[in-house]
Amino acid sequence: MGRQPCCDKVGLKRGPWTIEEDNKLMNFILNNGIQCWRLVPKLAGLMRCGKSCRLRWINYLRPDLKRGAWTEAEEDMIIELHSRLGNRWSKIAAHFPGRTDNEIKNHWNTKIKKKLKFLGLDPLTHKPIDQPENRVSKKTGSIEIQNSEPLDAISYIVGTNDIQLEDPFQNWIDSPLPWDVFSSLGENFL
DNA sequence: AACACTAGCAACCGCAGATTA
DNA sequence: ATAATCTGCGGTTGCTAGTGT
């Protein structure tokens with residue numbers, strides 16, 4: 001019983017997407033929307049599995065994607081969210097319109113992890129790795145020897161012990177994502 | 001100029017939970 | 001109720017461009 005398989009994996013193309021494939025997928029989704037990923041490659045004339053199409057669309061082709069450098073504020077927000085949510089990249093990405101979970105994950109693994117380690121913080125726990133009384137000055141980069149209680153890692157990086165996430169961030173959590181526009185787009189076209 | 005190393009990113013893989021016949 | 005499939009997620013890999021020697 002059950003449903004039909006996602007794809008038979010026979011004769012399917014893998015590896016980097018070509019411009020032609022991108023165009024096919026983009027045109028198909030913009031014109032027809034997404035009802036079932038399994039059918040997308042078949043209907044769009046692509047030798048890819050639905051999973052691959054979905055990934056390509058979400059991570060690269062979506063028109064609402066925001067590309068470009070990360071701001072310091074964005075990085076701080078990632079660190080804060082990661083301290084609360086852990087490696088739940090999709091949850092973290094929900095707070096960044098136009099950014100994908102894959103993009104955030106990559107940025108975390110290539111940049112932020114190193115940044116935290118450089119600052120003497122464990123990327124997993126967000127706590128000082130050792131010598132918790134020693135801090136690196138955020139402004140000067142110099143090490144400050146302290147005898148006081150270790151700061152909460154996030155408060156320390158962001159620069160405050162009294163983070164108010166509720167207002168700007170909560171607005172995003174509560175508000176519908178722009179992505180909804182495309183959902184309705186699909187319904188209209190089919 | 002040639003090679004080795006590193007960083008960044010796109011894409012794949014495998015799994016878990018949700019969905020459906 | 002059950003089994004098969006779909007979807008989405010997180011971890012990992014592999015390719016490419018940039019940099020150093």
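Every heavy atom of this structure was used, including side-chain atoms; hydrogens, water molecules and symmetry mates were not. Each chain gets a letter, A, B and so on, in the order the sequences are listed, and its residues count up from 1.
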key: Residue that, paired with A:W89, satisfies side-chain contact (heavy atoms from CB on, under 4.5 Å) out of A:I104, A:T100, A:L81   =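 Only one of A:I104, A:T100, A:L81 forms a side-chain contact (heavy atoms from CB on, under 4.5 Å) with A:W89, namely A:I104.
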query = With sugar-phosphate meaning primed atoms plus P, OP1 and OP2, does A:K13 contact a base, only sugar-phosphate, or nothing at under 4.0 Å between heavy atoms?
reply =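 Since no nucleic acid heavy atom lies under 4.0 Å of A:K13, the category is nothing.
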With sequence neighbours left out, what residues match [X] under side-chain contact (heavy atoms from CB on, under 4.5 Å)?
{"X": "A:N106", "result": "A:N102"}
{"X": "A:K114", "result": "none"}
{"X": "A:L124", "result": "A:D122"}

Between [N] ([atom2]) and [X] ([atom1]): distance, integer Å:
{"X": "A:E21", "N": "B:dA10", "atom1": "CD", "atom2": "P", "result": "16 Å"}
{"X": "A:I104", "N": "B:dG8", "atom1": "CD1", "atom2": "P", "result": "17 Å"}
{"X": "A:W108", "N": "B:dA10", "atom1": "CH2", "atom2": "P", "result": "20 Å"}

request  = For A:N87, enumerate each residue passing the side chain to side chain donor-acceptor pair (under 3.5 Å) test, keeping only those at least two apart in sequence or located in another chain.
outcome  =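 Once residues adjacent in sequence are excluded, the partners of A:N87 under the side chain to side chain donor-acceptor pair (under 3.5 Å) criterion are A:H82.
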When you compare the protein's N or O atoms with those of nucleotides 14-19 of chain C, which come within less than 3.5 Å of each other, and at what distance?
none

ask   = Between A:K111 and A:E75, is there a side-chain N and carboxylate O pair less than 4.0 Å apart?
value =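 Between A:E75 and A:K111 there is no salt bridge, as every charged N stays at least 4.0 Å from the carboxylate O atoms.
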request  = Using a strict cut-off of less than 4.0 Å between a Lys/Arg side-chain nitrogen and an Asp/Glu carboxylate oxygen, indicate whether A:K13 and A:E21 qualify as a salt bridge.
outcome  =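 A:E21 and A:K13: salt-bridged.
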task = Apply side-chain contact (heavy atoms from CB on, under 4.5 Å) to A:F96 and A:E103, showing your working.
result = CA-CA 11 Å; A:F96 294 88; A:E103 194 179 6; over 6 Å; no
ask   = If only side-chain N and O atoms of A:S52 are considered, is one of them under 4.0 Å from the OP1 or OP2 phosphate oxygen of B:dA11?
value =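 The answer is no; no side-chain N or O of A:S52 sits under 4.0 Å from OP1 or OP2.
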request  = State whether A:R48 places a side-chain N or O below 4.0 Å from either non-bridging phosphate oxygen (OP1 or OP2) of B:dA11.
outcome  =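 For B:dA11, neither OP1 nor OP2 has a side-chain N or O of A:R48 closer than 4.0 Å.
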ask   = Which of the following nucleotides, B:dC12, B:dC9, B:dA10, is nearest to the side chain of A:R14?
value =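 Output: B:dC12.
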Identify all pairs in which a protein N or O lies below 3.5 Å from an N or O of nucleotides 8-12 of chain C, and state each distance.
{"unit_1": "C:dG8", "atom_1": "OP2", "unit_2": "A:R54", "atom_2": "NE", "d": "2.9"}
{"unit_1": "C:dG8", "atom_1": "O6", "unit_2": "A:K51", "atom_2": "NZ", "d": "3.2"}
{"unit_1": "C:dG10", "atom_1": "OP1", "unit_2": "A:W89", "atom_2": "N", "d": "3.3"}
{"unit_1": "C:dG10", "atom_1": "OP2", "unit_2": "A:W89", "atom_2": "N", "d": "3.0"}
{"unit_1": "C:dG10", "atom_1": "OP2", "unit_2": "A:S90", "atom_2": "N", "d": "2.8"}
{"unit_1": "C:dG10", "atom_1": "OP2", "unit_2": "A:S90", "atom_2": "OG", "d": "3.4"}
{"unit_1": "C:dG10", "atom_1": "O5'", "unit_2": "A:N87", "atom_2": "O", "d": "3.3"}
{"unit_1": "C:dG11", "atom_1": "OP1", "unit_2": "A:N87", "atom_2": "ND2", "d": "2.9"}
{"unit_1": "C:dG11", "atom_1": "OP2", "unit_2": "A:N87", "atom_2": "ND2", "d": "3.4"}
{"unit_1": "C:dG11", "atom_1": "OP2", "unit_2": "A:W89", "atom_2": "NE1", "d": "3.1"}
{"unit_1": "C:dG11", "atom_1": "N7", "unit_2": "A:K105", "atom_2": "NZ", "d": "2.6"}
{"unit_1": "C:dG11", "atom_1": "O6", "unit_2": "A:K105", "atom_2": "NZ", "d": "3.0"}

